[in-house]
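Below is one structure, written out as structure tokens, with a few remarks after it.
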Amino acid sequence: SIFVTIVFLPAHVIVQLESVKGNKIGFKTAWEKSVQFILRYIGIYILIGVIAVLPIIISFLLIFVLIGFILLPISFVFAVLVLFSTMLVPYILIDKNLSISEAIKEGFAVAKENWQWLLSLVIVQLVINIGANIIASATVIGSTLAWLISIVATYIIAYVYVKQIAKN
């Protein structure tokens, strides 16, 4: 299932971007467009993961030398900032057809310029996810409703990227 998810994630982003732009797109077209992005998409997530997690691992290793106690909280903050700053990288990669390094650099630049929008996205998605989890705990109907809400919530990032950030 992880393999299938990884392979279809670029197609999912393409569908989101095209839907927000008002274009109709079918599965076959989305798949054909996404094939060229699969390896770059995987590369982006590996690179972002390494950038975010490596300082945490180093801090854990240095705990025995006591400096890790100081570095650990700093590395967690660094990881959150990296993940926050690279939130739009998959959309930028596909929308602008960039290389891995170019997409990450562009993602950091866009995040720096539009951090208010990204912070708003994080807060809105947090509220939606908490609400969906409360609804999901109620009944089977609640679980279905929460699932539908989560699908809509995934399009919020694409919507803000296309309508507010990319047009600048």
Side-chain angles (χ1 to χ4, degrees), residues 2-27 29-59 71-132 148-168:
I2 292 172
F3 176 76
V4 171
T5 301
I6 290 171
V7 168
F8 285 107
L9 274 175
H12 181 73
V13 170
I14 289 169
V15 168
Q16 289 178 343
L17 289 172
E18 293 300 319
S19 296
V20 171
K21 291 175 183 177
N23 302 330
K24 292 186 178 186
I25 188 165
F27 175 76
T29 307
W31 171 251
E32 289 169 353
K33 283 184 172 183
S34 73
V35 169
Q36 65 179 324
F37 295 107
I38 293 172
L39 291 177
R40 285 185 277 171
Y41 212 82
I42 293 168
I44 277 178
Y45 279 110
I46 288 172
L47 189 57
I48 290 171
V50 167
I51 292 170
V53 174
L54 193 59
I56 295 171
I57 293 170
I58 292 171
S59 297
L71 294 177
L72 192 59
I74 295 169
S75 64
F76 277 118
V77 170
F78 176 77
V80 168
L81 289 175
V82 166
L83 295 174
F84 178 81
S85 298
T86 57
M87 212 163 88
L88 295 176
V89 169
Y91 298 95
I92 292 169
L93 169 79
I94 291 173
D95 191 38
K96 297 183 178 182
N97 195 11
L98 301 174
S99 70
I100 293 172
S101 61
E102 291 171 331
I104 290 175
K105 285 177 191 173
E106 180 80 16
F108 276 110
V110 167
K112 185 177 179 180
E113 293 173 17
N114 298 285
W115 66 270
Q116 303 92 337
W117 281 106
L118 297 181
L119 184 60
S120 300
L121 281 172
V122 169
I123 291 169
V124 166
Q125 286 194 318
L126 183 66
V127 169
I128 288 171
N129 287 333
I130 289 171
L148 292 173
I149 290 170
S150 68
I151 290 173
V152 171
T154 62
Y155 281 84
I156 293 173
I157 297 174
Y159 183 82
V160 169
Y161 171 74
V162 169
K163 298 294 185 181
Q164 296 298 326
I165 296 172
K167 72 178 186 180
N168 294 334

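Within the 4.5 Å cutoff, the side chain of Asn114 has no heavy atoms near those of the Gln164 side chain. Looking at Ile157 and Gln125, their side chains come closer than 4.5 Å, going by heavy atoms from C-beta outward. Annotation: side chain of Ile94 is in contact with side chain of Pro10 (closest heavy-atom distance under 4.5 Å).
Residue Leu83 qualifies as enclosed at atom CG: its count of foreign heavy atoms under 6.0 Å is above 12. The environment of Lys105 atom NZ is sparse: at most 12 non-hydrogen atoms of other residues, nucleotides or ligands sit within 6.0 angstrom. Crowding of Trp117 atom CH2: a count of heavy atoms from other residues, nucleotides or ligands under 6.0 Å not exceeding 12.
A side chain to side chain contact (heavy atoms under 4.5 Å, CB included) with Tyr159 is found for exactly one of Leu121, Val20, Leu17, namely Val20.
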Do Phe37 and Asn97 pass the side chain to side chain contact (heavy atoms under 4.5 Å, CB included) test, and can you show the C-alpha distance, the side-chain angles, and the key distance before you say yes or no? CA-CA 8 Å; Phe37 295 107; Asn97 195 11; 3.4 Å; yes
For the pair Ile92 and Tyr161, evaluate side chain to side chain contact (heavy atoms under 4.5 Å, CB included) and give the outcome as yes or no after the intermediate values. CA-CA 9 Å; Ile92 292 169; Tyr161 171 74; 3.7 Å; yes
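Residue Phe78 comes nearest to Ile51 through the heavy atom pair CE2-O, 3.3 Å, listed as atom of the first residue, atom of the second, then distance.
Here Ile6 contributes atom CD1 and Tyr41 contributes atom OH; the two are 10.5 Å apart, rounded to the nearest 0.5 Å.
Between Lys33 and Glu18, at least one side-chain N (NZ, or NE/NH1/NH2) sits under 4.0 Å from a carboxylate O, which counts as a salt bridge.
Of the possible donor and acceptor atoms, none in the side chain of Asp95 sits under 3.5 Å from a partner among the backbone N and O of Tyr91.
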